[in-house]
Amino acid sequence: MTESRTHTLFSFGTLRDERVQTALFGGAVPTSPAALAGYTTRPLKITDPAVIAASGLDVHLILERRLGASVEGAVLHLTDQELAAADAYEVDDYTRRRVVLSSGATTWAYLDAKPLRPAERIVVVGDSIAYGRCDPRGGWAGHLAAAHIAGNEAERRLFNLAVPGSTLADVGEQTPALLAARRPDTLLVAAGINDSAVPAAGTTAQADADLPAGSGSSSASDSDSEETADFARLAGSLDTLAATALGHNARLVVAGPSWLDEDRTRDYEGLRFTRARALALRAFLRAWCEANHIDFLDLWEPLRERTELLVDGLHPNAEGHRALYEHLDALGR
């Protein structure tokens with residue numbers, strides 16, 4: 001029985017070559033012409049001998065964003081096994097993500113593994129840390145905007161639409177109406193820490209929700225159920241944001257929470273922030289992104305145990321925001 005070709009993959013380079021298809025898939029695969037709007041290409045030097053041997057080239061192409069541009073190519077129709085072979089063929093500079101073709105159909109494509117490097121127009125949404133609270137220079141997003149725009153003042157833009165106090169649910173509800181006028185190709189979401197907060201003056205069961213699994217709490221099962229429900233709500237908000245980004249032909253990028261000093265955090269409007277809950281949020285966001293082929297930028301490590309970079313145990317000071325930006329820049333650009 002022939003395996004069903006359930007996957008479509010947009011190719012603009014060597015995967016269209018029959019020699020490459022024969023080497024990877026054992027023969028030519030069904031293809032159809034297609035175009036990808038909002039992109040252009042740039043050359044990428046290849047050093048992997050196996051990839052060079054298969055393609056006969058040591059320079060391939062990689063996509064980058066360009067408003068008004070279009071890349072011509074073809075859609076390959078692949079089985080599970082053939083898609084896995086294509087993944088193995090592409091070097092680490094590429095990662096597989098969902099894109100929207102000029103026809104309006106969605107498909108897989110191999111994009112730059114550093115999600116902010118090919119961006120032209122970035123929209124940042126999130127909470128007070130993304131907003132840049134406690135840093136007069138606009139926080140890590142301000143540093144990112146300066147570096148990004150400096151690369152091409154005429155074409156590049158970064159819009160920071162973060163709102164202090166926002167939860168992921170808030171971001172999911174507010175973002176769709178904000179995007180059309182800004183025409184983003186990249187949506188950077190940096191929220192969730194407010195979703196992890198617990199009531200400051202709660203019951204024993206609420207306090208137990210802060211405890212790691214296996215801590216011996218008598219209400220551990222209740223806490224686990226509450227956390228599962230919380231994560232289900234967060235997943236719903238992230239699903240909405242993923243659909244919103246794809247609907248605008250934009251790439252969704254999720255930034256994880258930064259380290260917090262629980263000994264110094266105070267109550268914020270009746271809420272308390274704990275490291276255990278923040279770590280659970282971090283793990284959840286990473287897992288959701290991996291399962292949905294979404295880029296995850298982990299911002300936990302730059303501030304770890306560096307309490308002097310936090311104003312109040314939660315919000316970074318100017319130096320802390322600089323550290324977050326440098327880490328994000330290394331991961332994403």
Side-chain angles (χ1 to χ4, degrees), residues 7-29 31 34-36 38-66 69-99 107-120 122 144 147-148 150-152 155-156 185-186 188 251-255 286 289-290 292-299 301-302 325-333:
H7 304 287
T8 58
L9 172 68
F10 177 77
S11 174
F12 52 92
T14 59
L15 282 174
R16 293 179 296 170
D17 191 312
E18 188 172 338
R19 294 173 304 166
V20 174
Q21 292 185 10
T22 299
L24 296 181
F25 314 133
V29 298
T31 64
L36 191 59
Y39 289 83
T40 186
T41 61
R42 62 175 175 82
L44 175 70
K45 181 70 173 177
I46 301 297
T47 58
D48 188 319
V51 175
I52 295 172
S55 68
L57 300 169
D58 63 357
V59 177
H60 290 192
L61 297 176
I62 194 165
L63 292 165
E64 65 180 17
R65 300 308 301 252
R66 183 71 53 80
S70 181
V71 174
E72 298 295 323
V75 167
L76 282 58
H77 298 262
L78 305 176
T79 65
D80 291 346
Q81 184 177 357
E82 289 164 347
L83 183 63
D87 285 349
Y89 167 74
E90 298 293 354
V91 296
D92 290 344
D93 298 86
Y94 297 91
T95 190
R96 178 161 52 86
R97 297 291 182 256
R98 301 297 294 183
V99 297
T107 186
W108 293 114
Y110 292 109
L111 306 182
D112 195 319
K114 291 202 169 187
L116 303 181
R117 181 164 53 189
E120 186 173 66
I122 302 172
L144 176 61
H148 178 68
N152 186 338
E155 304 295 337
R156 292 185 178 180
D185 53 60
T186 304
L188 175 53
R251 183 175 184 175
L252 178 63
V253 182
V254 176
R286 186 197 299 276
C289 287
E290 183 176 349
N292 290 276
H293 291 268
I294 300 294
D295 300 282
F296 177 70
L297 301 178
D298 188 1
L299 298 186
E301 294 300 328
Y325 159 70
E326 290 174 353
H327 184 76
L328 184 146
D329 186 61
L331 289 176
R333 299 180 69 240

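Quick note: numbers below take in every heavy atom, side chains included, and nothing from hydrogens, waters or symmetry partners. None of the values given here were measured: they were computed from a predicted structure.
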**Q.** Residue list, side-chain contact (heavy atoms from CB on, under 4.5 Å) with Glu72, at least two apart or on another chain
**A.** Ala35, Ser70
Q.
Within this structure, what is the CD1-CZ distance for the pair Ile62 and Arg42, rounded to the nearest 0.5 Å?
A. 5.0 Å
Q.
Quick check for you: to the nearest 0.5 Å, what is the distance between His77 atom NE2 and Thr79 atom OG1?
A. 13.0 Å
Q. With side chains defined as the heavy atoms from C-beta onward, is the minimum distance between His293 and Arg96 less than 4.5 Å?
A. yes
Q) By side chain to side chain donor-acceptor pair (under 3.5 Å), which residues pair with Tyr325, not counting sequence neighbours? A) none
Q. Of Asp93, Thr95, Asp87, which meets side chain to side chain donor-acceptor pair (under 3.5 Å) against Tyr110?
A. Asp87
Q: Could you list the residues that satisfy side chain to side chain donor-acceptor pair (under 3.5 Å) with Gln81, not counting sequence neighbours?
A: none
(Q) With a 4.5 Å cut-off on side-chain heavy atoms, are Asp112 and Glu64 touching? (A) no
Q | For Arg333, side chain to side chain donor-acceptor pair (under 3.5 Å) partners two or more places apart | A | Asp329
Q) Within 45° of the ring axis of Trp108 and under 6.0 Å from its six-membered ring centre, is that where the NZ or CZ of Arg97 lies? A) no
**Q.** Heavy-atom closest contact (Asp295 atom, Cys289 atom, distance)
**A.** O-SG, 4.0 Å
Q) Val91 versus His60: any side-chain heavy-atom pair under 4.5 Å? A) no
Q: Have a look at Pro115 and tell me which of Leu331, Thr186, Val254, Leu297 forms a side-chain contact (heavy atoms from CB on, under 4.5 Å) with it.
A: Leu297
Q.
If we ignore hydrogens and angles and just use 3.5 Å, is the side chain of His148 paired with the main-chain N or O of Glu120 as donor and acceptor?
A. yes
Q: Check whether any side-chain heavy atom of Leu144 lies under 4.5 Å from a side-chain heavy atom of Leu188, and answer yes or no.
A: yes
Q. So with a 6.0 Å cut-off around CG of Asn152, is the heavy-atom count from everything else above 12?
A. yes
Q: Please name all residues satisfying side chain to side chain donor-acceptor pair (under 3.5 Å) with Thr8, sequence neighbours left out, ordered by chain then number.
A: Thr107
Q. Which atom pair, heavy atoms only, marks the closest approach of Gln21 to Leu15?
A. NE2-O, 2.9 Å
**Q.** Tyr39 and Arg66 side chains, donor-acceptor separation under 3.5 Å
**A.** no
Q: Enter the distance from Leu44:CG to Leu57:CG here, rounded to the nearest 0.5 Å.
A: 12.0 Å
Q.
Rounded at 0.5 Å granularity, tell me how far CG in Asp298 sits from NE2 in His327.
A. 6.0 Å
Q: Not counting sequence neighbours, which residues clear side-chain contact (heavy atoms from CB on, under 4.5 Å) with Glu18? List them please.
A: Thr22, Ala28
Q.
Arg16 vs Thr31, test: side-chain contact (heavy atoms from CB on, under 4.5 Å). Steps then yes/no.
A. CA-CA 8 Å; Arg16 293 179 296 170; Thr31 64; over 6 Å; no
(Q) Show the nearest heavy-atom pair for residues Val29 and Glu82, with the distance to one decimal. (A) CG1-OE2, 3.9 Å
**Q.** Heavy-atom pair of closest approach, residues Glu90 and Tyr94
**A.** OE1-CD1, 3.5 Å
Q) Taking all atoms of both residues into account, what is the closest heavy-atom pair of Leu111 and Leu63, and its distance? A) CD2-CD1, 3.6 Å
Q: Would you sort out whether Phe25 and Leu78 count as a side-chain contact (heavy atoms from CB on, under 4.5 Å), showing the intermediate values?
A: CA-CA 9 Å; Phe25 314 133; Leu78 305 176; 4.1 Å; yes
**Q.** Atom pair CG/CG of Leu83 and Leu76 - distance to nearest 0.5 Å
**A.** 10.0 Å
Q: Report the C-alpha distance between Phe12 and Leu61 in whole Å, list the side-chain angles of each, state the deciding distance to 0.1 Å, and finish with yes or no for side-chain contact (heavy atoms from CB on, under 4.5 Å).
A: CA-CA 8 Å; Phe12 52 92; Leu61 297 176; 3.8 Å; yes
Q: Can you see which heavy atom on Pro118 is nearest to which on Arg251, and at what distance?
A: CG-NH1, 4.1 Å
Q | Side-chain heavy-atom pair Leu116, Leu328 within 4.5 angstrom cut-off | A | yes
